[in-house]
Amino acid sequence: MSEPNTKTETETETGTDTDSETLEILLIEDNPGDARLIQEMLRGTEELAQRVSPDDAAGRTPEITNETRLEAGLETIEEMTVDVVLLDLNLPDSEGLKTLETVHAESEQTPIVVLTGVRDQQVGVQAIQRGAQDFLVKDEVTSELLVRTIHHAIERARQERERQRQRDQLEALNRLNRIGHDITHAVITTETRADLEQRVCDRLAESDGYRFAWIGGVNPGSDRVVPKAAAGVEDGYLDNVAISVDENDATGQGPSGTAVRTGSVQVANDMADEPTFEPWRDAALERGYQSSAAIPIIHEDLVYGVLNIYSSSPRAFAGPETTILARIGDVIAHAITAIERKDALVSDAVIELEFRVDELAEPLIDLSADESCRIELEQLIRGDETLLAYGSAHGIDQEVFKETIADTDGFSEVRFLATRRDEFEFELVAPAAVSLFETIATHGGRVRSATIDDGEFRFVVELSRGRDTRQMIELIKEERDDVTYLAQRTSERSERSESGSSSVLSDELTEKQRAALETAYFAGYFDWPRESTGEEISERLGIAPATFNQHLRTAERKFFDSVLGE
């Protein structure tokens, strides 16, 4: 997200185009003699520009536009940036203070100096009460007085705008603090994530300062931001726009996509001019949105989504407000984390991510298509140097399977453990999958199963609820560019994970003790007769038989202590 245009910010704050080489003065005066006198007093002098803007005044001289009718003067105000208006109250198409009121209503931010032909102090006071910065009696005007009066008018108008800006900012900060307090209360009293997200949007939309609010999440396996909750003046906006987090796509370069990628609040203070808001500009302006803020909802490495707030006023999200918005995003993220963790404690549900890999074990993939066989890898165990895979094959001859393994890069040393009529169990070494396995395990996942069937190699990664599924998908894709994400689903934990013994395996055993115990189990060491000897298992694990025995006995003791100790 790029910063707002610098020139636009300057014009909004000061009302003066400081990049211009001229100071634009609009003189609305129908008397040719009076108009000529005013122009002569100002023409060619740089003193006024020097007073108004000392840092940018070099070479700047006043540019005077003279209009003789009020209607023409209003058109000029609409068409160009005017720094000050010198206004005669009595014109062919308007008379008296009504002339001032009309000009002031057209451009409240532009300072007005009234020119009057009568020495009536009361007229001058009434003019100031109705919005003029000052008044001058034509017969008493001198060049010095005119320059000083215009300077003071522009400066007073600038100060008034600054005071108003500060008041608006203070009001916005107070409003945001109240909203933050209410959202914190909602966090305490909300039990589900969906309810929390909706209440956040409802509270923001209730505020007079905001027109629309919505929360979007990033779909696993894609870059699209999908609406999850919304409130306020939406009018089909979310149905008509596409938003992503892909920085190479125009729909991912706006506030929402950038907020998710950078983890920081992103602001579009003027949608009409903000280049990165172009894909959504027309739809936003049609619904009265003028500025927006995108607040990332992120806790540690978990990206929950992005909160978007829209205002009908430009520059509604400036300065200290972004700090409060960031805090609101943090509060929401912490609340979602707490809700997800609570759900994980009382639920046996886990998240499963399914993938297809195209270039791993290609001979086995071809074999499954040609022979209509099915190969299942049911357990992966990490050794010191390699990865052991235990599984079963259906509908294929052992010799054919062994020959195919020999031709498969990254899979080797197959050993058959048990044979049945149309099925056999096997153990094989899979060093090619070590890196992928480690990446998944390091980030809180485990490969629950892998299947080669009908010409496809698919594997399922299991994550506890609350983990960032999108991050896991991206990590796996970075590890192997031939991986395709297929689906996400919620399922119950496996029976083995549900049992009380799972805490012993995860909490009390060292990595090597667990590897020894699991390898022995899946290799048939505990079967009778044994499918594998201790020497065969230690060789697979790359350790001495005595070391294997030590790890196995220690693991058995810890396991039985937990089961029988009480």
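Note that the numbering runs from 1 along the sequence shown for the chain. Keep in mind it's a predicted model, so treat the numbers as computed, not measured.
- Enclosure of atom CG in Asp409 is not indicated, since only 12 or fewer non-hydrogen atoms of other residues, nucleotides or ligands lie within 6.0 angstrom.
- Ser207 places no side-chain N or O within donor-acceptor distance of the main-chain N or O of Leu204, the cut-off being under 3.5 Å.
- Heavy-atom minimum distance, Gln253 versus Thr258: O-OG1, 3.5 Å.
- At a cut-off of 3.5 Å, with distance as the only test, no side-chain donor of Asn308 or Ser292 sits close to an acceptor on the other residue.
- Atoms OG1 and CD, on Thr519 and Gln379 in that order, are 9.0 Å from each other to the nearest 0.5 Å.
- The heavy-atom pair separating Gly455 from Ile365 by the smallest distance is O-CG2, 3.2 Å.
- Counting only heavy atoms from C-beta outward, the side chains of Ile297 and Val306 never approach each other to under 4.5 Å.
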For a side chain to side chain contact (heavy atoms under 4.5 Å, CB included) check, start with the C-alpha distance between Phe459 and Leu377, then their side-chain angles and the critical distance, and finish with the verdict. CA-CA 9 Å; Phe459 64 93; Leu377 303 179; over 6 Å; no
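- At distances below 3.5 Å, not a single donor-acceptor pair connects side-chain atoms of Arg287 with backbone N or O atoms of Arg211.
- Nearest heavy-atom pair, Gly395 versus Cys373, reported as atom, atom and distance to 0.1 Å: O-CB, 3.7 Å.
- Just one of Arg458, Arg446, Arg448 meets the salt bridge (charged side-chain N to carboxylate O under 4.0 Å, His left out) condition when paired with Glu352; it is Arg448.
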When you look at Tyr304 and Thr337, which way does the side chain to side chain contact (heavy atoms under 4.5 Å, CB included) test go after all the steps? CA-CA 9 Å; Tyr304 291 119; Thr337 300; 2.8 Å; yes
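- Side chain of Trp280 to main chain of Ala242: a donor-acceptor pair is present (N/O by atom type, distance under 3.5 Å, no hydrogens or angles).
- Pairs of residues two or more places apart, or lying in two chains, that qualify as side chain to side chain donor-acceptor pair (under 3.5 Å) and include a residue from residues 425-436 are Tyr390-Glu427, Arg415-Glu427, Arg420-Glu425, Glu427-Arg540, Ser435-Glu479.
- Between Ile295 atom CD1 and Ile309 atom CD1 the span is 4.0 Å, to the nearest 0.5 Å.
- The side-chain heavy atoms of Ile405 and Leu364, taken from C-beta on, include a pair separated by under 4.5 Å.
- Counted within 6.0 Å of CG on Asp454, heavy atoms from surrounding residues, nucleotides or ligands total 12 or fewer; the atom is thus considered open.
- Residue Ile375 holds its CD1 atom at 9.5 Å from CG of Leu428, rounded to the nearest 0.5 Å.
- Heavy-atom minimum distance, Ala250 versus Pro279: O-CG, 3.8 Å.
- Remark: the backbone N or O of Val245 is paired with a side-chain donor or acceptor of Arg261 at under 3.5 angstrom.
- Among residues at least two apart or in separate chains, side chain to side chain donor-acceptor pair (under 3.5 Å) pairs with a member in residues 228-249 are Ser244-Thr251, Asp249-Thr251.
- Tyr485 and Phe355 have perpendicular rings, their planes meeting at more than 60° on a 0 to 90° scale where under 30° would count as parallel.
- At least one donor-acceptor pair under 3.5 Å links the side chain of Arg281 to the backbone N or O of Met271.
- The line from CD of Glu518 to CD of Gln513 is 12.0 Å long, rounded to the nearest 0.5 Å.
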Side chain to side chain contact (heavy atoms under 4.5 Å, CB included) for Glu462 and Val447? Distances and angles first, verdict last. CA-CA 6 Å; Glu462 184 180 274; Val447 178; over 6 Å; no
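- Looking at every heavy atom in both residues, Leu367 comes nearest to Thr404 through CD2-OG1, 3.7 Å.
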With side chain to side chain contact (heavy atoms under 4.5 Å, CB included) as the criterion, how do Thr439 and Ile476 come out once you've worked through the C-alpha distance, each side chain's angles and the decisive distance to 0.1 Å? CA-CA 7 Å; Thr439 296; Ile476 291 173; 5.5 Å; no
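- Applying side chain to side chain contact (heavy atoms under 4.5 Å, CB included) to Val225 and the options Val241, Ile243, Ile215 leaves one that passes, Ile243.
- The number of heavy atoms from other shown groups lying within 6.0 Å of CD (Glu78) does not exceed 12.
- Rounded to the nearest 0.5 Å, atoms CG (Asn269) and OG (Ser313) are 11.0 Å apart.
- Taking both residues in full, the closest heavy atoms of Gln198 and Ala229 are given as OE1-CB, 3.6 Å, listed atom of the first, atom of the second, then distance.
- In this structure, CG in Leu463 is found 4.5 Å from CE in Met472, a value given to the nearest 0.5 Å.
- At a threshold of 4.0 Å, the pair Glu359-Arg480 does not count as salt-bridged, since none of the basic side-chain nitrogens sits closer than that to a carboxylate oxygen.
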